[in-house]
Amino acid sequence: MNPHNHGYGALSIFLSALPFAIVILTYRILAVISGKRYKPFPPHRYLCWMLGIWCIALSVTGPLASRAHTDFADHMIIHLLLGMLAPLLLMLAAPMTLLFRTLSLKQARGLSRLLKSSPFRLLHNPFTASTLHIGGLWLLYTTDIYSWMHRSTIGHTGVHVHIFLAGYLFTASMVSIDPAPHRTSFLYRSLVLLIALSAHGILSKYLYAHPPSGVPAAQAELGSMIMYYGGDIVDIVLICILFSKWFHAARPRKALNPVTEK
């Protein structure tokens, strides 16, 4: 083995992993700062954050990301990791809550005003978030954008950034753990979620019979099944969280604080 190649490979792996390590370390530092003012941040939030970042890392670097350029099934695994599982895990890590706990009062008020602004109200609406998330996928796989993204570095990067951000926005609009000044009703969110999940399922079935340009039929069939069944697993978790929060919000308070009769 050429020692120069070995050294170059190790350096390349280190540089690829460095941004993700910094993001995880930053979360840890913020949690330590927060712990000096308030109660310690729950350990399961750390775990969700690390797993979420790990999902992103797998999607953009390493063997799986390389194979996804030529294999539609691997591309679809990345779609699930980057657009569905990573957003869910990062949302469960409550990063905005942690950020609010570490900011000064003046900085927190500034961030709060920003989150209450009209653009954020529009983006946080479940209908807008679903359109960006599911509509973007329909646009990606039913037009030439899919083949273009594999020919263009900018296109490839832009599509992956959109898949992650739209997925996070969609998840946060449905079941945000963080403070959400524009949160909509449970009934509205449930209806929009039902439509979005149906559109996702229909798209996966459509791709089974109508592969994107340049994708062999066998790869399209396998990728579509990964999209359909893998998406269902993440969706079940999302539905459970949403309905659990609805149940806790709607149950009678009398049951929570029973009054002892004399």
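The first residue of the sequence shown is numbered 1, and numbering continues consecutively from there. Values reported hereafter were calculated over all heavy atoms of this structure, with side chains retained and with hydrogens, waters and symmetry mates removed.
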Spell out, yes or no, whether Trp148 and Val161 are grouped together once hydrophobic residues are joined by side-chain heavy atoms under 4.5 Å, including indirect joins. yes

Can you pull the side chain to side chain donor-acceptor pair (under 3.5 Å) pairs that have at least one residue in residues 217-241, sequence neighbours excluded? none

Mind jotting down which residue pairs meet the ring-ring contact (aromatic ring centres under 6.0 Å, His included) criterion with at least one end in residues 186-205? Sequence neighbours excluded, please. His79-His200, Phe186-Trp246

Parallel, tilted or perpendicular, judged at 30° and 60°: which one describes the rings of His160 and His156? tilted

Extract all donor-acceptor atom pairs below 3.5 Å that involve side chains of residues 162-170 and protein atoms in other chains or at least two apart in sequence.
residue, atom, partner, partner atom, Å
His162, NE2, Leu132, O, 3.0

Here the gap from Ile239 atom CD1 to Ser244 atom OG, rounded to the nearest 0.5 Å, amounts to 13.0 Å

Could you state the interatomic distance from CH2 (Trp138) to OG1 (Thr143), rounded to the nearest 0.5 Å? 12.0 Å

Using a 4.5 Å cut-off between side-chain heavy atoms of Ile, Leu, Val, Met, Phe, Trp and Tyr, which other residues end up in the same hydrophobic cluster as Ile29? Leu25, Ile33

By side chain to side chain donor-acceptor pair (under 3.5 Å), which residues pair with His75, not counting sequence neighbours? Tyr141

With the side chain counted from C-beta on, respond yes when Arg45 and Cys48 share a heavy-atom pair under 4.5 Å apart, and no when they do not. no

Per side-chain contact (heavy atoms from CB on, under 4.5 Å), Pro126 is matched among Leu191, Thr131, Val192 by Val192

Nearest heavy-atom approach of Met227 to Leu203 is CE-CD2, 3.5 Å

Going through the distances and angles, do Tyr206 and His210 end up as a ring-ring contact (aromatic ring centres under 6.0 Å, His included)? CA-CA 6 Å; Tyr206 177 85; His210 303 87; 4.5 Å; yes

Show the atom names and distances, to 0.1 Å, of all donor-acceptor pairs under 3.5 Å that link a side chain in residues 80-102 to residues at least two apart or in another chain.
residue, atom, partner, partner atom, Å
Thr97, OG1, Asp178, OD1, 2.7
Arg101, NE, Ser34, OG, 2.6
Arg101, NH2, Ser34, OG, 3.0
Arg101, NH2, Lys39, O, 2.4
Thr102, OG1, Leu98, O, 3.3
Thr102, OG1, Leu99, O, 2.9

